[in-house]
Structures are given as C-alpha cells and as structure tokens.
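Below, all heavy atoms of this structure are taken into account, side chains as well, without hydrogens, waters or symmetry copies. Below, read A as the first sequence line, B as the second, and so on, with proteins coming before strands; counting in each chain starts at 1. These numbers come from a predicted model, not from an experiment.
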Protein chains: 2
Amino acid sequence: MGQSQTVDRILDAAEELFAERGFSETSLRMITGKADVNLAAVNYHFGSKKALIQAVFARFLTPFCESLESAFDELERDADGGPPCLEAVLKALTVTVVEMPRKHDRSISIYMRLQGLAYTQSQGHLRRFLEQEFSHTFGRFMRLLKGATPQLSAVDRYWRIQFMLGATAFTMSSSDALSGILLNKLGVESTVEEIVGQLVPFLTAGMQAPATAPVGQIRGSA
Amino acid sequence: MGQSQTVDRILDAAEELFAERGFSETSLRMITGKADVNLAAVNYHFGSKKALIQAVFARFLTPFCESLESAFDELERDADGGPPCLEAVLKALTVTVVEMPRKHDRSISIYMRLQGLAYTQSQGHLRRFLEQEFSHTFGRFMRLLKGATPQLSAVDRYWRIQFMLGATAFTMSSSDALSGILLNKLGVESTVEEIVGQLVPFLTAGMQAPATAPVGQIRGSA
DNA sequence: ACCTGTATCAAACGTATGTTTTAAACAAAT
DNA sequence: ATTTGTTTAAAACATACGTTTGATACAGGT
C-alpha cells in the first residue's frame, strides 16, 4: 500500500486535539490514542511532533491558499485596472473561508482556531514554516489591502491591519466557545458564516475610520 | 522575616517568562532559576504552579481594576444622568492602561501579553479565577458599553465586543514584536501610548458601523 | 538557653513526555 | 516461494516535569 490511511487518521486526530487544547498540551499519546494507531507511527511517518504540527497546517492551508489566489484573480479581473475596494477584498477572503471544503461541520472552526493558535502560541518553527510556505498569498493580500486604503499613511495602515488580524484571529480561534456563551445568554445559535458576516462591516468601518489624533487628555463624554 | 522577598522575586520572574513563552512552556525550574531562588520555594509559597499563575494575575490586575473603577466613577459623574459615549468609555480604559504603575518600560506590554494569553491559552482554572475575582469591574465595563451603543442589537453588540477584545488583546500581546517589525520596515518608533491612540478610533468606528447584512453572494468590487 | 514557627536548601519521588529500538506482519515483485 | 521494502507493534529509552521530603538555618518570644 503506497499511501497508508494511518497518516490521515493521525492528521485528523491531531488537528482536532490541537485545536481543542493547543500544541504543548496535546501529547502524541493522546493523538495516537484517538487515531487508534501505534504511538511510533507519528515519528515514523512525520519524523517528529514539530513536523506533525506543520503537516496539519500544510494539509488545510495549501488548498485554501490556492482557492484564495483564484478569488484574488477574479477580483482583479473584475476591477480591470483599478484596485478592488476594501469590502470586496475582505469579502473575497471570507467567502473563500466559508466555502472551504471540509469533512464535517466543525472543520471550519477547527481551522480557524488552529490559525489563531499559530499566531498566539509561540511555536517558532511554525511561524517560520508558515512564512516561507505561504508568504506569497499573504503578501498579495497585503498589497490588495494597500491598494484598497490609499488614504491611510503607511504607519496607520500597518497598525490597522494588525487590529484586523487580531479581531479575526481572536474571534475565530474561540468561535466555538463564544458561540456557546451567546447561546446561553441570549438563546441565539450562530454559525461561522454569520460570525464572518458580522466581522466584515466591523473591520471595514475600522479600516476607514478618520485618521488618528495623538493620545492626550481625556475627552469629555456626550 | 515576615514577608520574604522571595515571593516577589518569583512573581517578577514568572510574569516575564509567562509573557515570553506561555504557561505550559515555562517550567518552574526556569522561573526559580531566573529568580535565583530554590526550586521548592514556589510550592512552599504558592502551593502549586496553577496558584502561581493566578498570583501573577492578581498582583497586577487588582490595582488595575481599582484604578479603572475610579475612572468609571469619574466618567459617570461627568456625564450626570445620561450614559457616557463610546469614545469616552474606551478612552477611560486606555488611559487607565497607559497610566498603570509599572516597574520598568516593558511592564505594560508584559501585562498586555499576559492578558492576551489568559484568553487564548486554555487554562481553565485561570479563566475561572479571573471570572470570580474581577467580574465586578468587567461587568461594569460591559454595561457601559451597552449604554454607549444603544443602536446595536444584543447579538450585534456581543460579537462586536469580541472583535474589540480580539483586536486589543492580540495587538497588545504582540506589541513588542509588532513595533519591531514596523521599525524595520518604515523606520518608525512607536510606544504603547501611540498604539492605543491608534486603537481607539479603529474600535470606535467598528462598533458604530451600520448594522450587518447576512452573508450571501459576493458583492462586486468598486 | 530553649523552644517554636518560618524559610531555605539539596535531593529525591513519581509521572508523563518525545523519541528510539527491535521484531513481527504485510504487500508487491521477482 | 522467496525476497524486498514498507508499515505496524510492543517495549524500552532518556529526559523533563511538578511536587514532596527531610535536614538545616534562623528569627523572635518566653
């Protein structure tokens, strides 16, 4: 058998457990236990735990970046010449996220949470891996954002992009928990689609806020 | 000696290391090594690693919440009767953060990063501890936000508050790294004060964005 | 001087981790 | 049928972890 199913079983188990508990808090024994494969299989197929983490990201990020590049192609074709507007860029991103192929319903929040963990858990090797592997798509997204916000100074744009990333990564990385709280408090169900539907206008408005004034005295209320 | 300085040395070392590396990735041996105290001192003075984590948060969060409550008092006094406006609420928060008493320059970003970790690292005991210890101030902040955004539905407000928290926690928790990148790319120095000065208009605009439409088909660009 | 409670120290404990080893099972090719 | 290369299996490996122990030092009170 050329491609064993063991590899996929490990990846499936790992991406769920990593998303639930983080990287350091998930042991190889938990993963192989859930995947119902032998402990040594991880090191045999992937070489190390670090390499497994990278493989988990590569498996869902590679097709995602391809879809995203296609969406960007279409975006620039439609806008022939001029730069696409901010809302269109963000919509292209979120639609690509929502339309991501997935094995089951939870998949999207799992991927979102993994993406959030990649930012917040300080796994140096992961950051390096993602940078050298997916920097092309990320750079293109940045250039589109620049074209869509010509009124911003480079410094303002830089910080606002970080704010965007933060709001997205944070919300998405806890989307399950946050949805649960909302369900308890207000009795409202919410899907990933609805959350990103809420995100886009928030981010768009934030990016287009008037230029900032230096922080000084407190402004009175009302 | 009634109050040993060992306790403070441990807390100082722990808050720095936790902020740099996260909780699970920081061992008691690293902490006691940096603090130059005996390994057993942590369990002697705090009881366990979990209790140490909580003590680190209690030490900087307790005085911070007191200052914040005072700022809220002043806010409501100035606005006699009516609810303070959104920008005033956020300014009160950020000014309190910036004026936080600190031992050295790095302190603020350390506290910000810790606060971010409290959200993203799934330490159940920490979340429970913070909830029961500081829920009063947090709840008051939430009520102020509610009064400042009467136009929002409860669901919209809930999600936008999460977006705010995310943008803030993420940016502040990486403010050192992000400032460094900005310095490299554009040669611009930036302080925590300036970052929060950028944050407020972004968040204000986001919170006041027009109500959301459900995500459906892709809207064309331009 | 003699206790008494507190604090520090070196050393060890038990457990869990990532990784390696050795042997067996298996499929495909000769 | 034998061989070959790949995959699984059980067990052990070395290391690092949080925690506990027991001895020692030292303070203040009587």
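- With respect to the salt-bridge test (charged N to carboxylate O, under 4.0 angstrom), the residues A:D8 and A:K103 do not qualify.
- Closest approach of A:A19 to A:L114, counting heavy atoms only: N-CD2, 3.8 Å.
- Applying the ring pair (Phe, Tyr, Trp, His ring centres under 6.0 Å) definition to pairs two or more places apart or across chains, those involving residues 18-56 of chain B are B:F18-B:F23.
- Taking side-chain N and O atoms only, A:H45 has no distance below 4.0 Å to OP1 or OP2 of D:dT6.
- B:T6 has a side-chain polar atom (N or O) that falls below the 4.0 Å cut-off from OP1 or OP2 of C:dT8.
- In the displayed structure, A:K50 atom NZ is contacted under 6.0 Å by at most 12 heavy atoms of other residues, nucleotides or ligands.
- Straight-line distance from the CD1 atom of B:I53 to the C1' atom of D:dT19: 15 Å, rounded to whole Å.
- Summary for the helix from C:dA1-D:dT30 to C:dT30-D:dA1: the axes at its two ends, each from 5 pairs, differ by 10° when rounded to the nearest 10 degrees.
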Could you go over nucleotides 18-20 of chain C and give all protein N or O partners under 3.5 Å, atom names and distances?
from, atom 1, to, atom 2, distance (Å)
C:dG18, OP1, A:K49, NZ, 2.7
C:dG18, OP2, A:L28, N, 2.9
C:dG18, N7, A:R29, NH1, 2.9
C:dG18, O6, A:R29, NH2, 3.0
C:dT19, OP2, A:N43, OD1, 3.4
C:dT19, OP2, A:K49, N, 2.9

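- Note: CD (A:E25) to P (C:dT17) measures 11 Å, nearest angstrom.
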Test A:E15 against A:R59 for salt bridge (Lys or Arg N to Asp or Glu O under 4.0 Å), laying out the working first.
-> CA-CA 10 Å; A:E15 82 181 5; A:R59 186 172 67 155; 3.3 Å; yes
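- Straight-line distance from the CG atom of A:D36 to the P atom of D:dT7: 19 Å, rounded to whole Å.
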Stepwise side-chain contact (heavy atoms from CB on, under 4.5 Å) check, A:V89 with A:F141 | CA-CA 8 Å; A:V89 174; A:F141 177 60; 3.8 Å; yes
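- Rounded to an integer number of Å, the gap from B:F46 CZ to C:dA7 C1' is 14 Å.
- Remark: A:E76 engages A:R140 in a salt bridge, criterion side-chain N to carboxylate O under 4.0 Å.
- Among B:I161, B:D156, B:V155, the one residue that satisfies the side chain to side chain contact (heavy atoms under 4.5 Å, CB included) test with B:W159 is B:V155.
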